Amino acid sequence: MCARWHIPADDRQDEVVVTMLVRDEVALRQGGAEVVVGRTQLSDLADKLYFLDLAFRADVRDVVEALCPE
């Protein structure tokens with residue numbers, strides 16, 4: 001493990017722990033669930049999370065169109 005970040009819990013969700021692993025992976029853990037993302041997947045995941053964050057701040061229709069092109 002190289003680094004670990006804690007995203008505090010809120011009133012509906014448990015704390016999220018993001019851990020950078022030595023083997024070119026990032027682990028995301030919340031409660032008893034863990035997802036390990038490889039370096040080659042990380043950019044795509046970051047892009048999708050960015051657009052989802054925008055969905056809570058802007059017009060959701062524009063974000064959905066960006067995430068789901070036909």
Side-chain angles (χ1 to χ4, degrees):
M1 170 183 47
C2 294
R4 178 176 287 161
W5 298 272
H6 295 265
I7 300 167
D10 64 16
D11 43 329
R12 296 184 340 181
Q13 302 296 330
D14 291 339
E15 171 187 56
V16 175
V17 180
V18 179
T19 307
M20 184 175 170
L21 305 174
V22 175
R23 58 184 186 268
D24 294 337
E25 295 173 333
V26 173
L28 305 165
R29 183 173 46 84
Q30 184 178 44
E34 181 177 61
V35 174
V36 178
V37 179
R39 182 174 22 177
T40 59
Q41 299 171 307
L42 196 55
S43 289
D44 285 342
L45 177 62
D47 289 346
K48 301 306 183 271
L49 291 174
Y50 172 77
F51 283 117
L52 290 172
D53 183 50
L54 288 178
F56 292 107
R57 300 170 189 247
D59 185 343
V60 175
R61 179 174 298 183
D62 293 338
V63 175
V64 170
E65 288 174 1
L67 287 173
C68 305
E70 293 184 51

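Note that the numbering runs from 1 along the sequence shown for the chain. Just so you know, these numbers come straight off a predicted model, no measurement behind them. All values below come from the heavy atoms of this structure, side chains included, with hydrogens, waters and symmetry mates left out.
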Which pairs count as side-chain hydrogen bond (donor to acceptor under 3.5 Å, both in side chains) when at least one residue sits in residues 20-38, sequence neighbours excluded?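 Found R23-E25, D24-R39.
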Take L45 and L28, measure what side chain to side chain contact (heavy atoms under 4.5 Å, CB included) needs, and give me the verdict at the end. CA-CA 12 Å; L45 177 62; L28 305 165; 4.1 Å; yes
Residue pairs passing the salt bridge (Lys or Arg N to Asp or Glu O under 4.0 Å) test where at least one lies in residues 40-52, sequence neighbours excluded: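 Residue pairs passing salt bridge (Lys or Arg N to Asp or Glu O under 4.0 Å), neighbours aside: none found.
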Name every donor-acceptor pair, under 3.5 Å, that has one atom in a side chain of residues 5-16 and the other anywhere in the protein, sequence neighbours excluded.
{"residue": "H6", "atom": "ND1", "partner": "E15", "partner atom": "OE2", "Å": "2.9"}
{"residue": "D10", "atom": "OD1", "partner": "R12", "partner atom": "N", "Å": "2.8"}
{"residue": "D10", "atom": "OD1", "partner": "Q13", "partner atom": "N", "Å": "2.6"}

Hey, quick one: are L49 and M20 part of the same hydrophobic cluster, counting side-chain heavy atoms closer than 4.5 Å, chains of contacts allowed?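 Yes, one cluster joins them.
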